Protein chains: 2
Amino acid sequence: MNIGDAARKSGLPTKTIRYYEDRKLIAPTRRENGYRDYSIQDVHKLAFLHRARSLGFPLETCRQLLSLYEDQGRASADVKQLANGHLREIDSKIAEMKDLRDTLHALVKACHGDQRPDCPILNGLSGTERDE
Amino acid sequence: MNIGDAARKSGLPTKTIRYYEDRKLIAPTRRENGYRDYSIQDVHKLAFLHRARSLGFPLETCRQLLSLYEDQGRASADVKQLANGHLREIDSKIAEMKDLRDTLHALVKACHGDQRPDCPILNGLSGTERDE
DNA sequence: GTTACGCCTTCCAGTTACTGGAAGGTCAAG
DNA sequence: CTTGACCTTCCAGTAACTGGAAGGCGTAAC
C-alpha cells in the first residue's frame, strides 16, 4: 500500500514515516514507479513505533524495542529492563518538574499582580531574595 | 570583566552567554582587542536569565521577563500573567507525564521479566491488547 | 626572545524528532 | 488534456544549546 494509507492506518504523518525510513527504522519495498509499498507487517511496525513514541521512548530505544518485538526468541527480561530504565527517567523528570512547579507557584502566589511595579516574581528571579 | 568571569558569576557557560548575545538578549561592550566586556548589570541580567531558564521559561518568555525586569514602571500584573501561563503549561505537562508513567508502569508491572519471550510490554505496544 | 598556557575570538556542525515547503513526477477521472 | 490528489527528493527550520577547529591575545617563566 502507498505511504498515505500506511499513514492513516498507523496514525503517523507521512513525513514522520519517511523520517523513520531515513533513520533506518523501517524499509518498505519500492514499486516500479518509485513509490514506497508498505506491507501489513510494515504497518504493524509503524503502529508499534507510534505507540512507543507516544509513551515517550526515545527513537533509539524504540529501535531496540522494535528489534526485540521482531525477535521471537527474545527474553521478556530484556524488554522489561529497557522499560524500567525509561520509567525511572520519567519519574525523575516528573519529580524535577514538580519542584519547579512548586517554586514557580510560590512566586506567583506571593505576587499581588496589580499596577504597581513591585513584584516578588522578578525579585525571585533576580536573586535578591535572602534565600538564594 | 571578561566572559569567563561573567560565566563564573552568573553560573552560565560561556557558550550559552555568547548564544544569548546572538539571540539579542544581552549586548556587552567590546574592548579594543575585541574581547567582550561585561558590567555588573550585565552579570545580573545573565543570572536572571539563568534562573528564569532553570524554571523552564522558554527563551522568548525570558526575553519578555527581562524587559519587564528592566522596566521600572512595569505592572506586576504583567509579570504574574506570564508566570501563570507558564505555570499552567507546567501543570499540564506534569499531568501528561503522570498518565504516561502510569501506563508504562502498568505494562512493566505486568511483565514477568524472565527468559521467556512472552511480554505484556511488547503486546501493549503492538496494540494487540483488547483495550487499545 | 620565545615558549607555554590559558584566555579570548569566529564559524561550522551536531543534537532530537520531526515539520514545512519547493519543485517536480504519477495516476485516475472527466 | 487538464485537474487534483497522490507520490518523490531535497533543503531549511525548529529550541536551546554544545562541541570542536583555527587562530588571536596576554602574561609569566625560562
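Only a predicted model underlies this, so the values are computations on that prediction, with no experimental measurement involved.
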Nearest-neighbour nucleotide for the [X] side chain, [options] considered:
X     : options                : result
A:L59 : D:dT8, C:dA17, D:dA16  : C:dA17
A:R36 : D:dA16, D:dT8, C:dC18  : D:dT8
B:R30 : D:dC17, C:dT10, D:dT8  : C:dT10
A:Y20 : D:dA16, C:dC18, C:dG20 : C:dC18

Notebook entry, point to check: Is B:R31 touching bases, backbone alone, or none of the nucleic acid, heavy atoms closer than 4.0 Å?
Noted result: nothing
Next item on the list: Quick one: label A:R18 by what it contacts on the DNA or RNA (base, sugar-phosphate, nothing), any heavy atom closer than 4.0 Å.
Entry: base
Taking [atom1] from [X] and [atom2] from [N], how many angstroms apart are they, rounded to a whole number?
X     : N      : atom1 : atom2 : value
B:Y19 : C:dC12 : OH    : C1'   : 16 Å
B:E32 : D:dG26 : CD    : P     : 10 Å
A:E60 : C:dG14 : CD    : P     : 16 Å
A:F57 : C:dA17 : CZ    : P     : 13 Å
A:K15 : D:dC6  : NZ    : P     : 16 Å
A:R63 : C:dT16 : CZ    : C1'   : 13 Å

Note to self: With a 4.0 Å cutoff (strictly under), does any side-chain N or O of A:R53 reach OP1 or OP2 of C:dC18?
What the structure shows: yes
Next item on the list: Compare side-chain N and O positions of B:T14 against OP1 and OP2 of C:dC8 and report whether any pair is under 4.0 Å apart.
Entry: no
Next item on the list: Supply the atom-to-atom distance A:I94 CD1 to B:E96 CD, rounded to the nearest 0.5 angstrom.
Entry: 10.5 Å
Next item on the list: Might you point out which heavy atoms bring B:A7 and B:L12 nearest each other, and give the distance in Å?
Entry: CB-O, 3.1 Å
Checklist line | Earlier contact from the 5' end, DNA chain C, for A:P58 and B:I3 | finding: B:I3
Notebook entry, point to check: Which residue lies toward the 5' end of DNA chain C, A:P13 or A:N33, if each is placed at its nearest nucleotide?
Noted result: A:P13
